[in-house]
Amino acid sequence: MASSSNPMDKRIAWIGLGNMGRGMALNLLTKASLTQPLALYNRTAARTASFTAALPANATAYRVATSAADAVRDADVVFTSLGDDKAVLAVYADLVAAGLKDKLVVETSTILPETTEKVAEMVLGAGGEFAAGPVFGAPAAADAGQLVFVLAGPPQTLSKVTPYCDGIMSRLTLDLPSRPYGTATLLKLTGNTFILSMVGTLAEGHAFAEKSGLGSETLHRFISAMLPGPFGGYSARMMAGDYVRDEPLFAVDLARKDAGHAIRLAGEVGVDMKITKTVDERLRKVKEVRGESGDLPGVYGVARMEAGLEFEVAKKEGE
């Protein structure tokens, strides 16, 4: 690694510019006072181009890498943010082939614990350091630097990661020092079942409010007063019909991937995730209606259909 003890003097590579990766990379470029260009790589080049085109004037220097191997060639620290286990394993095979000796690698994707352990083994076997670092928060939280990082790995490794998290990419870091790397992604998947069940509860509640005459606006006032934060945010999106969009914020395929991982892991230890299974079934129907553009809060549209309403909420006059 570069000899300076200042973390912001390290040469950093960022791989993966999806809905979450974009926000995290943006905050490194605008809040971290990096002294070296941030290497950027995304498998779909158009995403990299749209990301760099929208960077604000206060962003520090960056370079667009032509491949994952090119991104990590001169890097001291590597962050990855990818969509699923298959993508993670493919990218890490490329990284190992490119060489990871003495590099610190932080994996932020939502994947199975066994996949986390596998890529950790790959990195360590290539002479690098590894930290598991999945994140909690919506894309808006990633953009605002308000994520919650979950870090697992040796304490001396985690201490090298946290300077890039708190106050830059995250509002809080949950450290799991000396725990198995997969513990971080196990917590992430468990936590995501809470998000799935929250959205499922909101979907049913709003459909009930609409059909009973209570009204979604009245229900939303209660939610905002008693359950602010994610509950209020998803409630507002449902009321506004912001689950029908060209680019989903939590794509249905990724939401089902997380649900499937959690259902499988829970089943292996004798726990039946009935609530998660119900939401997953509605997500399957969201995919039927919306295809790949289906979004997690689209389960409200399915709950509406089950209640005899249209999938989409009626637009108010002037909208």
Arg284 vs Glu281 side-chain heavy atoms within contact, under 4.5 Å: yes
Straight-line distance of Thr157 OG1 to Lys160 NZ, nearest 0.5 Å: 5.5 Å
Salt-bridge present (Arg63, Asp70; N to O < 4.0 Å): yes
Ala25 versus Leu17, closest heavy-atom pair with distance: CB-CD2, 3.9 Å
Centroid separation Phe194 to Phe136 less than 6.0 Å: no
Leu249: hydrophobic cluster co-members (side-chain, 4.5 Å): none
Test log, rule side-chain contact (heavy atoms from CB on, under 4.5 Å), inputs Thr115 and Leu89: CA-CA 8 Å; Thr115 305; Leu89 290 170; 4.0 Å; yes
pair Asp175-Thr162: side-chain heavy atoms closer than 4.5 Å: yes
From Met24 atom CE to Phe149 atom CZ, the distance as rounded to the nearest 0.5 Å: 5.5 Å
Side chain proximity check, Glu292 to Val252, heavy atoms < 4.5 angstrom: no
Same apolar cluster (I L V M F W Y, side chains within < 4.5 Å links), Leu40/Leu82: no
Closest non-hydrogen atom pair, Ala303 against Ala203: CB-O, 3.8 Å
Residue pairs involving residues 74-129 (criterion ring pair (Phe, Tyr, Trp, His ring centres under 6.0 Å); sequence neighbours excluded): Trp14-Phe79, Phe79-Tyr164
Any side-chain heavy-atom pair of Leu174 and Leu151 under 4.5 Å: no
Nearest-0.5 Å distance that lies between atom CG in Leu254 and atom CG in Leu283: 11.0 Å
Asp272 bridged to Lys274 by N-O distance under 4.0 Å: yes
Test item: Thr190 side-chain N/O and Leu186 main-chain N/O as donor-acceptor pair under 3.5 Å: yes
Inter-residue atom distance Ile168.CD1 - Leu147.CG, 0.5 Å rounding: 12.5 Å
Val77-Met169 co-clustered via ILVMFWY side chain contacts under 4.5 Å: yes
Backbone N/O of Asp74 and side chain of Arg11: donor-acceptor pair under 3.5 Å: yes
Stepwise side-chain contact (heavy atoms from CB on, under 4.5 Å) check, Val299 with Glu204: CA-CA 9 Å; Val299 295; Glu204 292 181 351; over 6 Å; no
Linked, directly or transitively: Leu112 and Met122 (ILVMFWY side chains, under 4.5 Å): no
Minimum heavy-atom distance Asp280-Ala259, with the two atoms named: OD1-CB, 4.0 Å
Lys/Arg N to Asp/Glu carboxylate O, Glu114 vs Lys118, below 4.0 Å: no
Arg282 with Glu306: basic N within carboxylate O range, under 4.0 Å: yes
Within residues 37-59 or reaching into it, pairs that qualify as salt bridge (charged side-chain N to carboxylate O under 4.0 Å, His left out) - sequence neighbours excluded: Arg47-Glu247
Main-chain N/O of Phe250 paired to Asp295 side chain as donor or acceptor, under 3.5 Å: yes
Spacing of CG belonging to Leu104 relative to CG belonging to Asp102, to within rounding of 0.5 Å: 11.0 Å
Shortest non-hydrogen contact from Ser293 toward Pro248: O-CB, 3.7 Å
Side chain proximity check, Thr116 to Pro180, heavy atoms < 4.5 angstrom: no
Thr60 side chain to Leu29 backbone, donor-acceptor under 3.5 Å: yes
Polar contact flag, side-chain donor to acceptor under 3.5 angstrom, Asn192-His261: no
Lys257 bridged to Asp84 by N-O distance under 4.0 Å: no
Stepwise side-chain contact (heavy atoms from CB on, under 4.5 Å) test for Thr193 and Ile275: CA-CA 8 Å; Thr193 67; Ile275 297 173; over 6 Å; no
Any pair counted as ring pair (Phe, Tyr, Trp, His ring centres under 6.0 Å), so long as it reaches residues 195-240, sequence neighbours left out: His206-Tyr300
Same apolar cluster (I L V M F W Y, side chains within < 4.5 Å links), Tyr41/Leu38: no
Verdict with supporting geometry, Ile15 and Leu95, side-chain contact (heavy atoms from CB on, under 4.5 Å): CA-CA 10 Å; Ile15 298 174; Leu95 299 184; 3.7 Å; yes
All pairs passing salt bridge (charged side-chain N to carboxylate O under 4.0 Å, His left out) where residues 190-200 contributes a residue, at least two apart: none
Backbone N/O of Arg171 and side chain of Gln146: donor-acceptor pair under 3.5 Å: no
Which atom of Ala152 lies closest to which atom of Ala184, heavy atoms considered: CB-CB, 3.7 Å
Asn27 (side chain) donor-acceptor with Asp143 (main chain) under 3.5 angstrom: yes
Val148 side chain reached by Thr173 side chain, heavy atoms, under 4.5 Å: no
4.5 Å side-chain heavy-atom contact, Leu196 and Leu296: yes
Under-4.0 Å salt bridge between Asp253 and Lys287: yes
Side-chain donor-acceptor contact under 3.5 Å, Ser224 with Arg221: no
Backbone of Ala236 reached by a side-chain donor or acceptor of Asp242 within 3.5 Å: no
Single-linkage hydrophobic cluster, 4.5 Å side-chain cutoff, Ile12 and Tyr62 together: yes
For the student: nearest non-hydrogen atoms of Val96 and Ala126, plus distance: CG1-CB, 4.2 Å
Candidates Asn19, Thr108, Thr110 - the one meeting side-chain contact (heavy atoms from CB on, under 4.5 Å) with Ser81: Thr108
Residues forming a ring-ring contact (aromatic ring centres under 6.0 Å, His included) with Phe51, sequence neighbours excluded: none
Presence of salt bridge, Asp258 and Lys188, under 4.0 angstrom: no
Exam field: side chain Thr30 to backbone Pro56, donor-acceptor pair closer than 3.5 Å: no
Salt-bridge contact Lys10-Asp76 (side-chain N to carboxylate O under 4.0 Å): no
Rounded distance [0.5 Å steps], OG in Ser235 versus CG in Leu202: 6.0 Å
Atom CD of Glu310 with >12 non-hydrogen neighbours under 6.0 angstrom: no
Any side-chain heavy-atom pair of Pro113 and Leu189 under 4.5 Å: yes
Pairing of Glu129 and Lys103 as salt bridge, 4.0 angstrom limit: no
